[in-house]
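What follows is one structure encoded as structure tokens, with my remarks underneath.
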Amino acid sequence: MVQDDADGLVAWVAAGSPVLRKVLADGRPLRADMANAFSAETAQAEATWTGHDVLRIAPTGRPWSVWVFFEEKTGQFEGWYVNIEEPHVRDDLTVYSRDHVLDIWVEPDRSHQRKDEDELALAVERGRYDAATAAWIESIADEIEKVIADWGPPFCDGWETFRPDPTWPIPDRPSP
């Protein structure tokens with residue numbers, strides 16, 4: 001845990017960290033069968049976070065979080081990934097949220113683009129969301145794009161220069 005206060009939760013996820021990941025019921029990745037996306041049965045699987053180190057910033061009460069990506073081997077800042085999701089809810093041990101498909105990638109030069117607009121349309125087509133919910137999700141993207149344009153928190157907070165304590169261990173695998 002990097003920060004946990006009234007402003008939100010900030011957590012470090014180092015490459016090599018154990019994670020629980022949603023997969024298709026047969027164990028394949030969610031995007032392995034787009035023909036059945038949003039209708040196939042899913043399960044939770046143990047996995048290992050790979051490819052990047054990530055600082056996850058979940059502002060209190062916001063329907064999105066910002067993931068600050070760093071290259072795994074060099075620690076070089078690569079960009080911000082804004083995950084549109086339900087505001088985080090917590091109990092004594094766990095943080096809960098639910099993904100809303102649409103995301104935004106922000107380059108180090110502050111240019112940005114929406115990701116997975118096609119999947120949001122597919123989610124409506126398959127009945128995961130109705131048109132009103134999809135419009136609400138797109139309005140959240142609009143809100144985030146205004147924060148990016150104004151370079152508001154958490155983008156202006158200097159998180160791209162964050163470096164973890166080198167003595168921090170990789171955590172134990174969470175319980176499913």
Minimum side-chain heavy-atom gap [X]-[Y] below 4.5 Å:
X      : Y      : value
Ile140 : Trp64  : yes
Trp151 : Arg110 : yes
Leu20  : Glu46  : yes
Ile144 : Ile84  : yes
Leu30  : Lys22  : yes
Arg62  : Glu143 : yes
Ile148 : Ile104 : yes
Val19  : Thr48  : no

For this session: Provide the full list of ring pair (Phe, Tyr, Trp, His ring centres under 6.0 Å) pairs with a residue in residues 123-145, sequence neighbours left out, each pair given once.
Result: His100-Tyr129, His100-Trp136
For this session: Would you mind listing every ring pair (Phe, Tyr, Trp, His ring centres under 6.0 Å) that reaches into residues 28-56, with sequence neighbours excluded?
Result: His52-Phe69
Where do [X] and [Y] come nearest, in terms of heavy atoms and distance?
X      : Y      : answer
Thr161 : Gly158 : OG1-O, 2.8 Å
Ala141 : Leu102 : CB-CD2, 3.8 Å
Pro153 : Val147 : O-CG1, 3.5 Å
Asp103 : Asp99  : OD1-OD1, 4.2 Å
Ser65  : Pro59  : CA-CD, 4.3 Å
Val124 : Ala131 : CG1-N, 4.4 Å

Any chain of hydrophobic side-chain contacts (each under 4.5 Å) joining [X] to [Y]?
X      : Y      : answer
Phe162 : Phe155 : yes
Val54  : Trp168 : no
Trp105 : Trp159 : no
Leu120 : Met34  : yes

Look up atom [atom1] in [X] and atom [atom2] in [Y], then write down how far apart they are to the nearest 0.5 Å.
X      : Y      : atom1 : atom2 : result
Asp53  : Glu78  : CG    : CD    : 9.5 Å
Leu122 : Arg128 : CG    : CZ    : 10.5 Å
Gln3   : Leu55  : CD    : CG    : 9.5 Å

For this session: Tell me, please, which residues at least two apart from Arg31 pass salt bridge (Lys or Arg N to Asp or Glu O under 4.0 Å).
Result: Asp116, Glu119
Seminar exercise, completed: By salt bridge (Lys or Arg N to Asp or Glu O under 4.0 Å), Glu145 pairs with (sequence neighbours left out) Arg114
Side-chain ([X]) to main-chain ([Y]) donor-acceptor, under 3.5 angstrom:
X      : Y      : answer
Arg126 : Ala37  : yes
Asp150 : Gly152 : no
Asp165 : Thr167 : yes

For this session: Check the surroundings of atom CD in Glu107: do more than 12 heavy atoms from other residues, nucleotides or ligands lie under 6.0 Å from it?
Result: yes
Seminar exercise, completed: Contacts satisfying salt bridge (charged side-chain N to carboxylate O under 4.0 Å, His left out) that involve residues 81-96 (not counting sequence neighbours) are Asp4-Arg90
Exercise. Looking just at side-chain N and O atoms, do Asp130 and Thr133 make a donor-acceptor pair shorter than 3.5 Å?
Worked result: yes
Problem set entry | Worked verdict on Arg28 versus Asp33 for side chain to side chain contact (heavy atoms under 4.5 Å, CB included) | CA-CA 8 Å; Arg28 292 180 298 150; Asp33 183 7; 3.9 Å; yes
For this session: Please test Val68 against Ile57 for side chain to side chain contact (heavy atoms under 4.5 Å, CB included), starting from the C-alpha separation and ending with a verdict.
Result: CA-CA 8 Å; Val68 186; Ile57 305 164; 3.8 Å; yes
What pairs of donor and acceptor atoms, side-chain ones from residues 7-17 against any protein atom, are under 3.5 angstrom apart with sequence neighbours left out?
{"unit_1": "Ser17", "atom_1": "OG", "unit_2": "Ala14", "atom_2": "N", "d": "3.3"}
{"unit_1": "Ser17", "atom_1": "OG", "unit_2": "Ala14", "atom_2": "O", "d": "2.7"}

For this session: Would you confirm whether the ring centroid of Trp80 sits within less than 6.0 angstrom of the ring centroid of Phe77?
Result: yes
